[in-house]
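Before any comments, here is the structure.
Within every chain, numbering begins at 1; the chains are lettered A, B, ... in the order of the sequence lines, protein sequences first and strands thereafter.
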2 protein chains.
Amino acid sequence: MTTSEKLLDAAELRMRRTGYNTVSFRDLAADINIKSASAHYHFPRKEDLGLDLVKRYHARFFTTLDAAAAGENTRRGKIECFRLAYRSALVDDRSMCLCGLLGSEIASLPDAVATEVKGFFKASIEWVASILADGTPQMRHNNEAAGFVATMQGALMLAICMEDAALFDAMTERALDLIAGD
Amino acid sequence: MTTSEKLLDAAELRMRRTGYNTVSFRDLAADINIKSASAHYHFPRKEDLGLDLVKRYHARFFTTLDAAAAGENTRRGKIECFRLAYRSALVDDRSMCLCGLLGSEIASLPDAVATEVKGFFKASIEWVASILADGTPQMRHNNEAAGFVATMQGALMLAICMEDAALFDAMTERALDLIAGD
DNA sequence: GTCTATAATTTGATAGAC
DNA sequence: GTCTATCAAATTATAGAC
């Protein structure tokens, strides 16, 4: 694994817990046993690191999601994959969605990073909407898809905040029924 | 208005946009034309300010909500008041819910502030559940209420992030139908 | 209550040696 | 690529005058 990847891993761990502004080059460098000046060699400005991190998160999220959804034949099965991606953030990583946290503090982000976060949500809504429409996007599906994404984000935040993982399932199962039928 | 109240107002404006950690005593003091040392006279530590701010937000949120819901006779009408409280944060204040933002970055908050944020969500869930149960709380109502709160929080975050206020209505109207019946 | 002044720490970032 | 050394700025917080 390259030093850049190690830095991105360290940044993801920290930013998914405490956000963009609380994470310093010194902390990240210490995490992987280098000095902060070395970290700046790989990412000259913090904005460069933030941008690469959100791009990597975005790409990995949908690659993993598409692979899982490819094994499902029903709309409900595919959308359940989307829900499980958020559940995995909670259960496996005990962390927020990177874009859910950065999205909350979007007014404090560099413009380029903020734009990338918006891109993640746009892609998320379109992904869910495309499942609903079976390949033919429609405005109504977009609204339903956005509501589903919002519920996943809010449920993840609340479950982490309340330290109650079971609450995530309780909060999201009806949303799945609503969007995919009982 | 007292200086403490002015400081809390300034802190609320800033923290509902960028979170807890980006807000400094110097910024708040400058907002109300005093010096940061004077701000420390009113709130010795930042944690004191954060704690008072969340407590004030909590109290005001439910006072306003109760007043609005008292004018409604139906369950749906009362829960619609809850939705409108979030809509007002978006449309009137163009800001996140204070606790939605602080909840996202809860791992970076002083313990006392984090506890107070959790208290806001506990009270929110109980408020919605009590409407569902007409005064007789039940576990099933608690899960439905939590899901509704999650959707409001996620929808507010997404609408602000995507700079699309209309999206909030589109995302939340079905959640209201789901919980209160069509 | 507010001020000036300042301490102690942390931060993003750079210069230059190896 | 990584290091030491350093900078300029910002941060939380305190001491003491008025």
Check: Do any of residues 22-36 of chain B sit with a heavy atom less than 4.0 Å from DNA chain D, and if so which?
Finding: B:Val23, B:Ser24, B:Phe25, B:Arg26
Next item on the list: Mind calculating the distance between CG (A:Asn21) and P (D:dA9) to the nearest angstrom?
Entry: 20 Å
Check: Backbone N or O of B:Met96 within a donor-acceptor pair of the B:Arg16 side chain at under 3.5 Å?
Finding: yes
Checklist line | Verdict with reasoning, A:Phe61 to A:Trp127, per side chain to side chain contact (heavy atoms under 4.5 Å, CB included) | finding: CA-CA 11 Å; A:Phe61 182 90; A:Trp127 192 94; over 6 Å; no
Check: Going 5' to 3' along DNA chain C, which nucleotides are the first and last within contact of chain B (any atom under 4.0 Å from a heavy atom)?
Finding: C:dG1 to C:dT6
Check: Sub-3.5 Å donor-acceptor pair from the side chain of A:Glu105 to the main-chain atoms of A:Gly19, do we have one?
Finding: no
Check: For DNA chain C, which residues in residues 43-53 of chain B have a heavy atom at a distance below 4.0 Å?
Finding: none
Margin query: Quick test of your reading of the model: are A:Asp177 and A:Arg76 salt-bridged, counting only N-O distances below 4.0 Å?
Written below: yes
If you look only at distance, which donor and acceptor atoms sit under 3.5 Å apart when one is on a side chain in residues 113-123 of chain B and the other is two or more places apart or in another chain?
residue, atom, partner, partner atom, Å
B:Thr115, OG1, B:Asp111, O, 3.0
B:Lys118, NZ, A:Glu163, OE1, 2.9
B:Lys122, NZ, B:Glu126, OE2, 3.0

Checklist line | Where at least one partner belongs to residues 28-41 of chain A, residue pairs that pass side-chain hydrogen bond (donor to acceptor under 3.5 Å, both in side chains), sequence neighbours excluded | finding: A:Arg14-A:Asp31
Item checked: Pair B:Arg83 + B:Asp169: basic N to acidic O under 4.0 Å -> yes
Check: Salt bridge check: are B:Arg60 and B:Glu12 linked by an N-O gap of less than 4.0 Å?
Finding: yes
Notebook entry, point to check: Do B:Asp48 and B:Arg45 sit within salt-bridge range, that is, some charged N less than 4.0 Å from a carboxylate O?
Noted result: yes
Item checked: Any pair counted as side-chain hydrogen bond (donor to acceptor under 3.5 Å, both in side chains), so long as it reaches residues 94-103 of chain A, sequence neighbours left out -> none
